[in-house]
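This report concerns only the one structure given below.
Whatever order the structure lists them in is the order used to number ligands and atoms, beginning at 1.
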Amino acid sequence: MARILVVEDEPDIALGLQLDLRDEGHEVEVAGDGELALVRAREPGWDLIVLDVMLPLKDGFEVCRDLRRAKIRTPVLMLTARAQEAEKVMGLDMGADDYITKPFSPRELRARVRALLRRAAPDDEPLRRFGDCEVDLARAELRRNGSRTDLTAIELKMLQMFLRSQGRVLSRAQVVDEVWGHDVFVTDRVVDTHVVKLRRKVEPDPGAPRHIVSVRGLGYRFEA
Ligand code: CA
């Protein structure tokens with residue numbers, strides 16, 4: 001099965017995670033603080049990192065950001081505290097792939113882990129092309145005119161959503177559901193800001209977009 005690094009300082013929770021994931025047949029190791037997590041995460045061969053936010057020495061957001069800066073793309077499942085919406089949004093902004101809110105059931109955890117491992121499987125992530133862009137979903141990378149640009153987790157999710165729904169108008173609320181999830185509050189302005197950033201990466205002329213088109217009063221429509 002998979003090799004999973006669990007980063008959690010509370011021994012009971014770490015042990016619970018370890019047992020649940022081992023039950024699924026995964027190989028699991030635990031790191032108890034943010035500094036150690038960064039060291040261990042750089043070792044090759046991990047399929048997934050389960051990363052708590054509240055950690056000694058370096059919090060989960062910093063760990064995630066540092067990993068992505070170091071071009072380490074191992075999927076990250078973030079463990080956030082209950083009802084802290086800002087944490088979820090921030091985790092995804094820092095490059096986490098998904099989050100799960102504490103307390104969670106073993107069943108919920110296993111479902112999220114399975115989904116992330118499936119998503120990361122190379123066969124599910126082909127190259128997608130539109131205009132003069134080539135998107136490598138597995139590497140979260142955009143290639144255009146011979147140069148490469150990294151996509152943030154949000155930009156990647158947004159682009160995947162647009163590619164899935166070509167030619168259809170998506171409201172900002174639909175974008176939020178697809179990109180951030182149903183239980184997160186994100187303002188329209190935040191959506192627009194991320195669209196602007198994505199346009200800068202994919203549009204030949206970001207001021208006159210032809211791929212991510214604004215539909216007045218409704219939302220956005222993607223044209224390949
Ligand atoms: Ca903790």
Nearest to the Ca ion (ligand 1), which N, O or S atom of [X] do we find?
X     : value
Asp52 : OD2
Asp9  : OD1
Glu10 : OE2
Glu8  : OE2

Handout entry: Trace of the side chain to side chain contact (heavy atoms under 4.5 Å, CB included) decision for Arg199 with Val195
Key = CA-CA 6 Å; Arg199 277 177 175 157; Val195 166; 3.9 Å; yes
- State which residues pass ring-ring contact (aromatic ring centres under 6.0 Å, His included) with Tyr220; sequence neighbours excluded, sorted by chain then number.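 With neighbours one apart ignored, the set is empty.
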Problem set entry | Phe130 and Phe222 aromatic ring geometry - parallel, tilted or perpendicular at 30°/60° bounds |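 Perpendicular.
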Let me check something: any side-chain donor-acceptor pairs from residues 41-55 under 3.5 Å, sequence neighbours excluded? List them with distances.
from  : atom 1 : to     : atom 2 : distance (Å)
Glu43 : OE1    : Arg40  : NE     : 3.1
Glu43 : OE1    : Arg40  : NH2    : 3.0
Glu43 : OE2    : Arg40  : NE     : 2.9
Trp46 : NE1    : Arg40  : O      : 2.7
Trp46 : NE1    : Glu43  : O      : 3.4
Asp47 : OD2    : Arg3   : N      : 2.7
Asp52 : OD1    : Lys102 : NZ     : 3.0
Asp52 : OD2    : Lys102 : NZ     : 3.4

